[in-house]
Amino acid sequence: MIQSKLPHVGTTIFTVMSKLAAEVGAVNLGQGFPGFQMDMHLGKLVEKYISKGFNQYAPMQGVLELRQLLSAKIKKMYGHEYSAADEITITAGGTQAIYTAITALVHEGDEVILFAPAYDCYAPAIELNGGKSIWYNLQYPDYKVNWEQVKKLVNHRTRMIIINTPHNPSGTCLSGDDMMQLEKIIAGSDIILLSDEVYEHIVFDGLQHESVARYPKLAAQSLAVFSFGKTFHNTGWKMGYICGPAELMTEFRKVHQFNVFSCNTPVQYALAEYMEDENKYLSLPKFYEAKRNFFLNEIKQSRFKFTASAGTYFQSLCYEGMFDEKDTDLAIRLTKEFKIASIPCSVFYPDHLDENVLRFCFAKEDEVLERAGKILNNI
């Protein structure tokens, strides 16, 4: 009999809800992917580099032209200069970057502090590498961090802290003060900060994305993960990158070269050329803020309670006072009976804390959001 290394892990909630939505013909605002086309100019650039013969292995670290562009982009946006040669690696999406970073740096018995609700790829990677997840629960509606409480979780076994901002699933963002408090906690230690920043360009209402790259002391102890797929509406390409100091990147690349080695060559060249126009990513906040506003306007007659999302393309809706059901049961019932799919937020907590909150993705065409709004208003 096979002894599972992840005995408590089954099919992800995203797969379950998307499958159910397809079976019953529901509007799917569950799984987080854009429901519209990317800029086909980028696709034509990929065709260009395929035709020019850029179809063999890229360098293990990634195409140099792309890494150089990313180095310049980050310096301009956040003030920190990562070496294109030694401190940036192109990855097969953000999830691979996160998994590889954990595999490279977390040893058996190490503790990793996580903030719940948390994206579901963190804890399994820690468990597979013999580490232990130490949880700090954030709570609806503001999901604020009490850093004094976090400090009490830190001990000699703490190897890593993982943060995610803008935050999936809550749609909240860490502030500058949050980053300064975090800086104080890890100062003078060997703790590594793994910063999941895949929604860096999807922030609203004039907020500034607080990347670790804005904070030199944090950057010196951090690996920061980014996503091309989230930025350019092509999550199926599974392309991302990770940045960090050379000594951490050296360890990252030792693992990266054996679990991926290199990533899609023509896509990397295409991205390097496409991103020469910085408006391709700097215009994203306004685009998604308009989507958020459209969706919230469509559901203004509903009975759901909410605080407008500050970032990501997710909106949390609270049904407290509407139903007494568990969020997992309600999500299934709404999909079957009302034909609208969402993600129950309790699945993002280790203890399945149920605060009567469902997560909806508004990265969809307006017509889809309009249909969803009519359904939610009638629930």
Side-chain angles (χ1 to χ4, degrees), residues 32-34 36-77 81-104 121 125 194 196-201 213 223-246 248-284:
F33 57 84
F36 37 78
Q37 283 290 342
M38 68 174 192
D39 181 356
M40 293 313 297
H41 175 58
L42 177 56
K44 292 185 180 301
L45 288 175
V46 176
E47 294 178 6
K48 167 186 169 180
Y49 285 101
I50 291 173
S51 298
K52 292 178 70 173
F54 290 81
N55 299 306
Q56 306 310 320
Y57 294 123
M60 181 268 289
Q61 309 94 314
V63 167
L64 180 59
E65 290 89 336
L66 180 55
R67 287 181 284 134
Q68 289 173 330
L69 183 144
L70 294 171
S71 177
K73 167 187 176 288
I74 293 170
K75 183 178 181 181
K76 183 174 182 179
M77 291 192 67
E81 185 169 9
Y82 290 104
S83 164
D86 304 317
E87 299 182 326
I88 300 175
T89 300
I90 308 302
T91 63
T95 300
Q96 183 255 312
I98 291 164
Y99 183 87
T100 301
I102 292 169
T103 300
C121 79
L194 182 56
D196 180 351
E197 304 182 24
V198 298
Y199 297 100
E200 63 167 329
H201 296 300
L223 287 169
V225 176
F226 303 91
S227 169
F228 295 112
K230 298 290 191 299
T231 302
F232 299 124
H233 318 315
N234 48 22
T235 58
W237 287 13
K238 295 299 294 180
M239 294 292 292
Y241 58 103
I242 188 167
C243 306
L248 294 181
M249 193 58 67
T250 295
E251 297 306 310
F252 178 91
R253 289 176 176 178
K254 287 179 182 178
V255 177
H256 175 75
Q257 69 181 333
F258 293 117
N259 69 359
V260 173
F261 182 69
S262 66
C263 301
N264 193 299
T265 303
V267 167
Q268 290 191 59
Y269 280 103
L271 285 166
E273 182 173 340
Y274 186 75
M275 292 178 68
E276 289 175 1
D277 178 3
E278 63 181 22
N279 189 57
K280 298 297 186 184
Y281 49 88
L282 294 181
S283 62
L284 208 58

A.B. asks: Could you check whether any side-chain N or O of Ser71 sits under 3.5 Å from a backbone N or O of Tyr82, counting only pairs where one atom can act as donor and the other as acceptor?
C.D. replies: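 It does hold such a pair.
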A.B. asks: Dump the intermediate steps for side-chain contact (heavy atoms from CB on, under 4.5 Å) on Trp237 and Val46, then the final yes or no.
C.D. replies: CA-CA 11 Å; Trp237 287 13; Val46 176; 3.6 Å; yes
A.B. asks: Taking salt bridge (Lys or Arg N to Asp or Glu O under 4.0 Å) as the definition, give me every residue that meets it alongside Lys44, ordered by chain and number, with sequence neighbours left out.
C.D. replies: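 Lys44: no salt bridge (Lys or Arg N to Asp or Glu O under 4.0 Å) contacts found.
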A.B. asks: So, using salt bridge (Lys or Arg N to Asp or Glu O under 4.0 Å) as the criterion, who are the partners of Glu65 when residues are at least two apart?
C.D. replies: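 Counting only residues at least two positions away or on another chain, Glu65 forms no salt bridge (Lys or Arg N to Asp or Glu O under 4.0 Å).
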A.B. asks: For a quick test of reading the model, state the closest non-hydrogen atom pair linking Leu284 to Thr231 and the distance between them.
C.D. replies: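 In this case the closest contact between Leu284 and Thr231 is CD2-O, 3.5 Å.
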A.B. asks: With Lys76, which residues qualify under salt bridge (Lys or Arg N to Asp or Glu O under 4.0 Å), at least two apart?
C.D. replies: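 Expected list: Glu278.
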A.B. asks: Quick one: ring pair (Phe, Tyr, Trp, His ring centres under 6.0 Å) partners of Tyr241, sequence neighbours excluded?
C.D. replies: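 Partners of Tyr241 under the ring pair (Phe, Tyr, Trp, His ring centres under 6.0 Å) test: Phe226, Phe228.
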A.B. asks: Test side-chain contact (heavy atoms from CB on, under 4.5 Å) on Ile98 and Leu194; report intermediate values, then the result.
C.D. replies: CA-CA 8 Å; Ile98 291 164; Leu194 182 56; 4.1 Å; yes
A.B. asks: For residues 49-61, which residue pairs qualify under side-chain hydrogen bond (donor to acceptor under 3.5 Å, both in side chains), counting only residues two or more places apart or in two chains?
C.D. replies: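 Residue pairs with at least one partner in residues 49-61: Tyr49-Glu273.
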A.B. asks: For Glu200, enumerate each residue passing the salt bridge (Lys or Arg N to Asp or Glu O under 4.0 Å) test, keeping only those at least two apart in sequence or located in another chain.
C.D. replies: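 Result, salt bridge (Lys or Arg N to Asp or Glu O under 4.0 Å) vs Glu200: Lys73.
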A.B. asks: What salt bridge (charged side-chain N to carboxylate O under 4.0 Å, His left out) pairs are there with at least one residue in residues 81-96, not counting sequence neighbours?
C.D. replies: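 Qualifying pairs, neighbours excluded: Lys75-Glu81.
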A.B. asks: State which residues pass side-chain contact (heavy atoms from CB on, under 4.5 Å) with Leu248; sequence neighbours excluded, sorted by chain then number.
C.D. replies: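 With neighbours one apart ignored, the set is Leu105, Ile192, Leu223, Pro245.
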A.B. asks: Tell me, do Val260 and Thr91 make a side-chain contact under 4.5 Å, heavy atoms counted?
C.D. replies: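 The answer is no, as the side chains (C-beta and beyond) never meet within the 4.5 Å cut-off.
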A.B. asks: Which atom pairs, one a donor and one an acceptor, fall under 3.5 Å between side chains of residues 36-43 and the rest of the protein, sequence neighbours left out?
C.D. replies:
| from | atom 1 | to | atom 2 | distance (Å) |
| --- | --- | --- | --- | --- |
| Asp39 | OD1 | His41 | N | 2.9 |
| Asp39 | OD2 | Tyr274 | OH | 2.8 |
| Asp39 | OD2 | Lys280 | NZ | 3.3 |

A.B. asks: Return each pair, listed once, that meets side-chain hydrogen bond (donor to acceptor under 3.5 Å, both in side chains) where at least one residue sits in residues 255-266; pairs must be two or more places apart or across chains.
C.D. replies: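 Listed once each, the pairs are Gln96-His256, Thr100-Asn259.
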